[in-house]
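What follows is a short report on a single structure.
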2 protein chains.
Amino acid sequence: MRADARKNRDHLLAIARSTVLEQGAQASLRDIARRAEVGLGTLYRHFPTREALLEALLRADFDTLACRADELAQAGDPARSLVTWLHEAIAVTHGFSGAIALMVAAIADEGSALHASCVTLRAAGTRLLRRAQEDGVARRDIDGNDLFALISALAWLADQPPLVPRADHLFDVIADAILPGRPGTPHAGGAPGGSAVQPR
Amino acid sequence: MRADARKNRDHLLAIARSTVLEQGAQASLRDIARRAEVGLGTLYRHFPTREALLEALLRADFDTLACRADELAQAGDPARSLVTWLHEAIAVTHGFSGAIALMVAAIADEGSALHASCVTLRAAGTRLLRRAQEDGVARRDIDGNDLFALISALAWLADQPPLVPRADHLFDVIADAILPGRPGTPHAGGAPGGSAVQPR
DNA sequence: ACCTGAACACCGTTCAAGT
DNA sequence: ACCTGAACACCGTTCAAGT
């Protein structure tokens, strides 16, 4: 790759990152090229589709996430490992609103530039989930696809401005659903007729 | 309202319904007007924003949903009532992919044509949730906003084609999270080291 | 090799002109 | 009252022409 091309590509990525963080994954590609002071054709040459651009923006984080899954799979508590990883997985697309819908679409579309990343993500999650299931701490009736869907839903939720204030709390609620055997806050309403205290 | 205007409006709504079901809530308004064989300005006159059009398409279902909440609040089992209503709430936007994001945005935007419907929906859910909480069967650390967010997330999920096959199952998982005290399938992994049977 | 921007076929939105 | 469609300012995508 020629030096000038490399420079264009890098600059384009930096501008794309800030623009997407500002306007979401549907930001105008024309506008990104304009801000980068580069011809529109140059953007298309480096990133033939919007998915390709997003993939370039997120690739490093995806790779990190896959490594983290392996690290965590060796570390201690399987429940804690899974929850930690879920947090990190959701954080990856945070701020790139609209990107998660493209990722979900990509998992069923082998032609998408995001396909491989999605498959890797799902595989990493599946490993940690299975470990937690074998440990008897995660529900047994969910699989890697379910986990991928739950991650997607939580990531989507965390990128809807009006829902942001509840996102962390709902993460906990859903984590409890996945890991009912985990030592956590006794959230429940208690026995019918009981008088549980009001948390929060 | 003049008879010809009424006719245009009704026809526009019928065409819009089928177009949105086919292409999602971001369907081209120009295309809807074209299919309805009506001037573009006529569409804008009747529905000044995309939200106004969606609202007109969904209003009847929203009203029904609010009534259903009252019915169910009087009927028997609070847990069962809530779950039934949640199912119906999610079904309302089913097929209108992309609509749920507009609704979420609308709940924080009093100027949106969808605002009132969202508020009504949230209020109806809150009533059923509180009843279940008082009955000791729903977790006490969630409120109407959380329920609205969970409905949104499940509705979003159910409109992502690759996730559709898991949507029903994930509904159950999240329903279990909301209603841990409910007599349901013993999904859990059992005690650590235990040998729970494999459901499903 | 790589870059550029005009060209094409679309959009959403507005509004003067018509009936 | 209501309808129409041209006009405007945008898109995404392609591709001939340049360096």
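Reckoned from all heavy atoms, side chains included, excluding hydrogens, waters and symmetry mates.
- For Leu179(A) against Leu82(A), the heavy-atom pair with the smallest separation is CD2-CD2, 4.1 Å.
- Of all heavy-atom pairs between Gly144(A) and Thr126(A), the closest is CA-OG1, 3.2 Å.
- For the side-chain hydrogen bond (donor to acceptor under 3.5 Å, both in side chains) condition, no pair includes a residue of residues 98-113 of chain A, sequence neighbours left out.
- Scanning for side chain to side chain donor-acceptor pair (under 3.5 Å) contacts around Asn145(A) gives Arg122(A), with sequence neighbours left out.
- The minimum heavy-atom distance between Ala149(B) and Leu170(A), with the atom names listed, is CB-CD1, 3.4 Å.
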Quiz prompt | Nucleotide-level pairing of DNA chain D, given in dot-bracket where Watson-Crick and G-U pairs need both distances under 3.5 Å and | marks other strands | solution = ||.|||||...|||||.||
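- The separation between Asn8(B) atom CG and dC2(D) atom C1' is 9 Å, rounded to whole Å.
- Within the structure, every pair that satisfies the ring pair (Phe, Tyr, Trp, His ring centres under 6.0 Å) test and touches residues 72-97 of chain B, not counting sequence neighbours, is listed here: His87(B)-Phe171(B).
- Using a cutoff of 4.0 Å between basic side-chain nitrogens and carboxylate oxygens, Asp10(B) and Lys7(B) are not scored as salt-bridged.
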Quiz prompt | Summary of protein contacts for nucleotides 9-19 of chain C, nucleotide by nucleotide, where a base hit scores B, a sugar-phosphate-only hit scores S (4.0 Å, heavy atoms) | solution = --BBBBB----
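- Between Glu134(A) and Arg131(A) there is no salt bridge, since no side-chain N of the basic residue sits under 4.0 Å from a carboxylate O of the acidic one.
- Closest non-hydrogen pair, Val173(B) versus Ile142(A), comes out as CG2-CG2, 3.9 Å.
- When rounded to the nearest whole Å, the span between NE2 of His46(B) and C1' of dC2(D) equals 8 Å.
- The nearest pair of heavy atoms linking Ile107(B) to Pro162(A) is CG2-CB, 4.1 Å.
- Residues from residues 95-114 of chain A that place a heavy atom under 4.0 Å from any atom of DNA chain D: there are none.
- In this structure, Leu43(A) atom CG and dC3(C) atom P are separated by 11 Å, rounded to whole Å.
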